[in-house]
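Below: the structure, in structure tokens.
Letters A, B, ... mirror the listed sequences (proteins, then strands); counts begin at 1. In this text, all values refer to a predicted model and were calculated from it rather than measured experimentally.
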Amino acid sequence: MFSNWWKFGRDRSTDVDLFSDGSESPAETLSQAIRAAASQEPDADGSLLFGQLRGTVVGLRYYTGVVNRGEMVGLVREPHNPYDKNAVMVTNVLGRQVGHIRKELAAAMAHVMDNNLAKVEGVVYSGTNNSFSMPVTLSFLGSEENRDAVVKHMASRGFKLDADGGGAAGAKGRSFGSPGSSFSFKKGVTIPLTAEELKNAFDNLFEGLMQSKDGEKEAAESVVTPLLPHQKQALSWMCARENEDVLPPFWEKRGDLYYNSLTCFSATEIPERVRGGILADDMGLGKTLTTIALILTNFHQGKPLPVERCVSCHHLTLFCRTGKDGPFSPTKAKKKALEGFKLQGSSSAVISAGVSSHCSAIPKEDVIDAADVVQVEDEPQKSTSKEKHKPTKRKPSKEGPLLLEDLDFAAALSCATSATTPKKKTTEKSKLKQSVEMSVSESTDDLSAKATLIVCPLSVLSNWLDQFKQHLRFNVKVNIYLYYGSERNRSKTFLSSQDVVITTYNVLSTDFGSKSPLHGINWLRVVLDEGHIIRNPNAQMSKAVLELKAQRRWILSGTPIQNSVKDLWMLLAFLRLKPFDVREWWNRVIQRPVIQGDRAGLQNLQNLVKCITLRRTKNSEVNGRRLVSLPKKTVYVEQVELSPEERMEYNLARFEGRRTIGRYVAEGSVLRNYADVLAILMRLRQYCCHPDLIGEITADLATADTPAELRQRLVEKMRLVLASGSDEECSVCLDSIRMPVITHCAHVYCRPCIAQVISSEQKARCPLCRSEIKTSELVEFPPEEEMEDEKSVNSDRWRTSSKVQALMRNLLRQRAEDVNIKCLVVSQFTRFLTVLQTPLRDHGFSFVRLDGTVSQKKRTQIIQEFQSSAADSPKVMLLSLKAGGVGLNLTAASRVFLMDPAWNPATEEQCIDRCHRLGQKRNVVVTKFIVKDSVEENMVKIQKKKQDLVEKAFGSTNTDRKTSRVNDIKALLEM
DNA sequence: ACCGCCGGGTGCC
DNA sequence: ACCGCCGGGTGCC
């Protein structure tokens, strides 16, 4: 990385064609190079401060980067500096070079930095009284094992690392979160956040970010779908973010200067605006429509996108020319896109040939593409500094200080004006190029940019086309090009003349490796759909996305962060939110403080996010009204009577269970034998559904000889409980278990929950039974994919049950009433789903099945099949309660049968919400089957109690929970 | 004068 | 840099 940018900067003067060299990362500017370099560095989490020392930044007068009192500076190794391979460059927050670390110190630091023994951070606490050098306080941070080596090495070169923050007198009294934060690891400044608080804060980070509550904007006339109030608000907000001169977060105007309150950076020039942001509305609130409206409504300076109208054309015109074919219909385009790629290999030649001939006809230097223009803001500050510094005659006067802003630009200019350029170019051409660059650089609004690029996952590509078609007025002609498939038109001229270009993350990153036309275009706007996809900054996809050139950038995402601050960096980097697009500053100012539990850091993060994000959930309200109204939902509970035989069997099992559990209660060992208790309860619950659900869990614990054997059997029981699909609860988070693991003592928890328990204590104990637990002894579930399959239920000797009959009665009645109604049949027990297949087949129901064992690929296929409105599409879906995440969209169904109660009422709710959500056109009817006089009835009572508890905002302690658990169990068996 | 002293040029890495 | 260093100019006072 370092070598790349340096090489770029220096070699540009002799090699103009660098852009065409695919092997080089086309770093555009110095700040990009730094960003790239910084993002390669490992995360600085948990770094220890080894010590600090005072160094000197020299050579200030050669660079225009300014640093103010208290400001942080960047330190970048320059291994290819021709004067000193140990050179360490100093930059300011904006990535402008400030100077170098004095060579003696740089020599010592180089070893530490190159071997990654420590991260070195610099803060300039005091100003300087001259314009040649200034003091800098360097902090060395790293992991404990490197401390000694670093301290010794520095000492051997005569640099003593001062543990007390050598010379950082100016830092005293600084609040955490300001530049002093680097040194505030010393603790005691504030009470750090607990892990739980932190988690909550994250979960809520994106909540309630309703901005501009009053502003509403109507979409341009070409959008035919009327926007809902919240969509008009979003449009208003998005237009404002694109058009208005709002300072980025933490920047404020102080007199004539712009000041960043987090980094203490101030500048005379206005910081680059972030034109865009994150639209993080819940799924279904119409992010796509709002974005389409934005594209149509806000072209340049708030004017709508100029569109052609035709009297006759009756559908959206898509210029999806992929070689031989002319324009074709959206459906065809979609089909093509989706089949795409492999099939059409041969005809791609047509396109590429066309493009290359076009290119070869014109010498490269002559093609002045907007994309090749390097944007440089020209500001008065530079000219003043120029006068002050009295440029020496060594510098060609034409270049001026402007050059020094940006090595790349400098190189480009010096190349253009140099008489000794190896490449033969006439001065005319050079001047032309130069003048174009200059003229563009003067205006902030580049009018040459026209097209919006939408990058999305393949799965929603067709949705975009559909939505454009659906929401645009019929006679409006918008040029949309689907950049996908092997025949895609790679001509930059063609692409940049479109109104909209849609592509996928995959295509973008595939192209990125070689000459990518998408990266050579100056886009008006880039929209990342499902933007959370790019949260891993090391992924090729993410890199490809970061290098796109655009004036406005948007991220659409229903789930902007999954669970960590780290995920956010990528989003901010894409938005080019200065200075956090450089990983180093992000780490220093936000990530590290937040991870270490610093409240100010979290506050900063929250502010940051608030400024650039709009998020509403489907529960959000506008003027006291829901954003979108859903069809009605009615929940019925249908009591099921067991047949006399079933009742007999059930009572027998219940009697046995009560005896066993009664013994545990008497011994006070309920929690120690929890797995057995759960197994007993589960057996009863299974009886309520169907007798054949009961597996071979009869291993008698009483016959276990050794404690080890007992433990083994308990663990085994727990495995079976989980394998049956039962939705168990984690006693740490009190929620349904995610990523279950079984402890040595046969209790089950979410892996992250128990991991936290273990890491937070020296000698970790099981929250339920206080046995000692170790990470190494946790049993993963499922250890191997051995979920039940159809074989285990013998269909030859299939028998019915009261609950099966109850369901079938309902289904048949439903079919008689309206054949088109689709049903979800939900059970926790996958084996029950298998049992249900037989009567469904017998009665001629076409159905699909979705459970946890279905692969992701198959899953989409099944859902598509079910969601289809075709006459022969399946009418019933057998769904395991835990299958699929919250995102699952099953709006084709409007009838839900919950076959068995879950411990956690929220899980049931979630399941119902899969069809009772946006897009649901019918009223939703839910039926819960509950067996009368059974453990199920008692479960419902406990569910209610739990709901109350949640509503009262749980103030229960762990012991409360445990006793209530024992009480629950007693209540379940009416003991 | 193979020195000292003066003062201009110069100065990161 | 209101420094240090270099190297040319200069040379009693």
Side-chain angles (χ1 to χ4, degrees), chain A residues 1-14 27 29-31 33-34 37-38 53-69 71-115 120-138 140 153-154 157-159 167 382 384-397 399-411 414 584:
Chain A
M1 269 308 152
F2 293 108
S3 60
N4 272 354
W5 81 257
W6 179 252
K7 187 162 187 263
F8 194 77
R10 297 206 58 80
D11 289 359
R12 184 79 192 257
S13 56
T14 53
T29 61
L30 177 58
S31 77
I34 295 170
L53 60 82
R54 251 165 89 107
T56 315
V57 185
V58 295
L60 301 187
R61 73 127 132 177
Y62 297 98
Y63 311 97
T64 50
V66 214
V67 191
N68 301 282
R69 246 176 105 80
E71 190 181 314
M72 306 186 304
V73 291
L75 302 166
V76 182
R77 274 283 288 123
E78 255 179 30
H80 295 280
N81 186 310
Y83 303 98
D84 180 0
K85 62 180 169 40
N86 292 323
V88 176
M89 172 173 71
V90 179
T91 69
N92 71 14
V93 177
L94 294 185
R96 300 256 164 90
Q97 182 161 7
V98 172
H100 279 104
I101 294 292
R102 193 193 287 295
K103 61 177 181 292
E104 295 79 11
L105 178 54
M109 282 167 67
H111 174 256
V112 171
M113 292 174 83
D114 293 348
N115 295 299
V120 189
E121 297 183 351
V123 177
V124 175
Y125 283 109
S126 53
T128 179
N129 49 4
N130 64 74
S131 49
F132 304 95
S133 68
M134 65 183 173
V136 60
T137 302
L138 302 174
F140 289 70
H153 174 79
M154 293 308 291
R157 302 292 193 109
F159 298 101
K382 281 175 205 151
T384 54
S385 62
K386 164 182 172 178
E387 278 143 34
K388 201 168 62 203
H389 291 146
K390 283 185 280 177
T392 56
K393 10 182 174 167
R394 289 184 302 118
K395 282 178 211 153
S397 57
E399 294 177 16
L402 181 67
L403 267 179
L404 303 161
E405 284 307 309
D406 182 322
L407 286 181
D408 175 39
F409 189 58
S414 69
E584 200 184 354

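To the nearest angstrom, P of B:dC13 lies 14 Å from CZ of A:Phe132. Atom CG of A:Leu105 is separated from atom P of B:dC13 by 11 Å (rounded to the nearest Å). Taking atom OH on A:Tyr62 and atom P on B:dC13, their separation rounds to 10 Å, with Å as the unit. Atom pair A:Tyr63:OH and B:dC12:C1' shows a separation of 6 Å (rounding to whole Å applied). In this structure, the CG atom of A:Leu75 is 15 Å from the P atom of B:dC13, given to the nearest Å. Taking atom CZ of residue A:Arg61 and atom C1' of nucleotide B:dT10, one finds them 8 Å apart after rounding to whole Å. Computed from coordinates, the A:Met89 CE to B:dC13 C1' distance equals 11 Å when rounded to whole Å. Whole-Å rounding puts the A:Arg102 CZ to C:dC3 C1' distance at 11 Å.
Proximity of A:Lys103 to the phosphate of B:dC12: no side-chain N or O atom is located under 4.0 Å from OP1 or OP2.
The side chain to side chain contact (heavy atoms under 4.5 Å, CB included) search around A:Phe132 returns A:Arg61, A:Asn130, not counting sequence neighbours. Under the side-chain hydrogen bond (donor to acceptor under 3.5 Å, both in side chains) criterion, A:Asp114 pairs with A:Arg77, not counting sequence neighbours.
Taking atom C1' on both nucleotides, B:dC5 is separated from B:dA1 by 12 Å, rounded to a whole Å. Nucleotides C:dG9 and C:dC13 place their P atoms 22 Å apart, quoted to the nearest Å. For the P atoms, the distance linking C:dG8 with C:dG4 amounts to 23 Å, nearest Å.
Using a 4.5 Å heavy-atom cutoff, the side chains of A:Met154 and A:Leu105 are in contact. Between A:Leu75 and A:Leu138 the shortest side-chain heavy-atom distance falls below 4.5 Å.
Classified by its glycosidic torsion, B:dA1 falls in the syn category, the angle being within 90° of 0.
Pair assignment for B:dA1 gives none, since no Watson-Crick or G-U wobble pairing has each distance under 3.5 Å. Searching all strands for a Watson-Crick or G-U wobble partner of C:dC12 with both distances below 3.5 Å returns nothing.
On a pure distance criterion of 3.5 Å, no polar donor-acceptor pair joins the side chain of A:Tyr83 and the base of B:dC12.
The heavy-atom pair separating A:Ser133 from A:Thr56 by the smallest distance is CB-CG2, 3.8 Å.
Relative to the side chain of A:Asn81, the nucleotides B:dC12, B:dC13, C:dA1 differ in distance, and B:dC13 lies closest.
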